[in-house]
Number of protein chains: 2
Amino acid sequence: MSQPSFACCTPLTGTSMTPEQAEQVVPLLKALADPVRLRLVSLIASSPTGEACVCDLNEAFDQTQATISHHLKVLHSAGVLDRDKRGVWVYYAVKPEALSSVANLFSIAALAGVSA
Amino acid sequence: MSQPSFACCTPLTGTSMTPEQAEQVVPLLKALADPVRLRLVSLIASSPTGEACVCDLNEAFDQTQATISHHLKVLHSAGVLDRDKRGVWVYYAVKPEALSSVANLFSIAALAGVSA
DNA sequence: CGTTTACATCGACGTCCGTCGATGTCTGAC
DNA sequence: GTCAGACATCGACGGACGTCGATGTAAACG
């Protein structure tokens with residue numbers, strides 16, 4: 001060890017996320033980390049009724065109906081959107097808890113160890 | 001058109017994210033949507049000094065030094081981490097603005113149209 | 001000088017992911 | 001029952017991503 005004798009390192013003793021905690025949150029982040037899905041969530045959230053039917057969403061994007069349906073499924077599976085079929089149409093609504101949990105996660109205090 | 005005559009659709013007139021806005025935020029979300037990178041940010045943020053050198057971070061993970069270095073680069077490129085080389089060691093520190101911008105993005109009001 | 005240590009970069013590999021066309025399923029109208 | 005429309009699912013393709021071993025670079029010590 002020819003390196004300086006004083007430590008390069010701070011102990012990192014502060015409590016941080018466990019691998020398990022990280023694995024639990026990441027799917028939610030992954031679901032939101034796509035431009036089309038982020039716009040989908042934004043569109044639905046900005047709708048006056050708080051929900052939107054797929055027929056609307058399809059027209060707002062250049063992507064195929066299959067692609068939009070796929071993205072909606074991803075967001076639904078991740079717990080970001082609620083799904084409600086009424087007759088022929090399917091309405092998706094944003095689950096505020098999902099979004100606020102992400103917001104809480106990235107408040108500095110939360111990241112520094114306070115559990116989300 | 002054999003469907004009901006009343007509209008299935010709410011106009012979605014509320015202002016939502018533009019494609020450009022989405023494309024701008026997504027890299028930041030992508031950078032955080034990985035379990036290793038999320039733990040890296042958490043470790044650095046929970047350090048008492050607010051920063052950590054790579055030698056510490058390497059020991060905290062099962063991944064190779066090359067992999068950790070890669071993840072740190074991704075986080076740095078996305079604006080999540082600051083990089084400071086002091087002698088032989090490199091110290092990374094969390095940029096609070098980056099994290100709080102994500103937190104702001106996912107407050108309900110922000111997503112509904114109020115710019116972040 | 002040469003050696004060692006800390007970290008970055010490179011190239012390659014396997015896997016995951018976004019997108020598409022095609023097809024399936026269900027619902028309501030006629 | 002038949003048909004059309006709304007949405008989901010399937011299978012395939014191409015590109016992006018995480019990981020690794022090997023190598024490069026730079027700083028400090030002798």
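Here is the naming used below: chain letters follow the sequence lines, and residue numbers restart at 1 for every chain.
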Atom [atom1] of [X] to atom [atom2] of [N]: distance rounded to whole Å?
X: B:Ile68; N: D:dT19; atom1: CD1; atom2: C1'; answer: 10 Å
X: A:Glu59; N: D:dG5; atom1: CD; atom2: P; answer: 14 Å
X: A:Leu72; N: D:dA6; atom1: CG; atom2: P; answer: 16 Å
X: A:Asn58; N: D:dC7; atom1: CG; atom2: C1'; answer: 8 Å
X: B:Leu57; N: C:dA6; atom1: CG; atom2: P; answer: 14 Å
X: B:Leu75; N: D:dC17; atom1: CG; atom2: C1'; answer: 14 Å
X: B:Arg86; N: D:dA28; atom1: CZ; atom2: C1'; answer: 17 Å
X: B:His76; N: C:dA8; atom1: NE2; atom2: P; answer: 10 Å

If Ile, Leu, Val, Met, Phe, Trp and Tyr residues are connected whenever their side-chain heavy atoms lie under 4.5 Å apart, and connections chain through other members, are B:Val36 and B:Val74 in the same group?
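B:Val36 and B:Val74: separate clusters.
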Applying a 4.0 Å non-hydrogen cut-off, can you work out what B:Arg83 is touching in the nucleic acid: base, sugar-phosphate, or nothing?
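Sugar-phosphate only.
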Does A:Tyr92 reach a base, just sugar-phosphate, or nothing at all? Heavy atoms under 4.0 Å.
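A:Tyr92: backbone/sugar contact only, no base atoms under 4.0 Å.
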Can you list every salt bridge (charged side-chain N to carboxylate O under 4.0 Å, His left out) pair that touches residues 32-45 of chain A, not counting sequence neighbours?
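Those involving residues 32-45 of chain A do not exist here.
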Any salt bridge (charged side-chain N to carboxylate O under 4.0 Å, His left out) involving residues 77-89 of chain A? Give me the pairs, sequence neighbours left out, ordered by first then second residue.
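Qualifying pairs, neighbours excluded: A:Glu51-A:Arg86, A:Asp84-A:Arg86.
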List in chain and number order the residues that pass side-chain contact (heavy atoms from CB on, under 4.5 Å) with [X], two or more places apart in sequence or in another chain; answer none if no residue qualifies.
X: B:Thr64; answer: B:Ala66, B:Thr67
X: B:Val25; answer: A:Leu38, B:Met17, B:Leu29, B:Leu105
X: A:Ser77; answer: A:Lys73
X: B:Asn58; answer: B:Val54, B:Gln65, B:Ile68

Can you name the closest pair of heavy atoms from B:Ala52 and B:Leu57 and give their distance?
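So the two residues come closest at CB-CD2, 4.1 Å.
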So, for A:Gly79 and A:Ala98, which heavy atoms are closest and what is the spacing to 0.1 Å?
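What the structure gives for the nearest pair is O-CB, 3.4 Å.
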Restricting both atoms to N or O, compile the protein contacts to nucleotides 11-14 of chain D shorter than 3.5 Å, with distance only.
none

Can you tell me if B:Lys73 touches the phosphate of C:dA8, counting only side-chain N or O atoms and a distance under 4.0 Å to OP1 or OP2?
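Checking C:dA8 against B:Lys73, no side-chain N or O comes under 4.0 Å of OP1 or OP2.
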How would you summarise protein contacts on nucleotides 12-26 of chain C per nucleotide, using B for base, S for sugar-phosphate only and - for none, with heavy-atom distances below 4.0 Å?
------SBBBB----
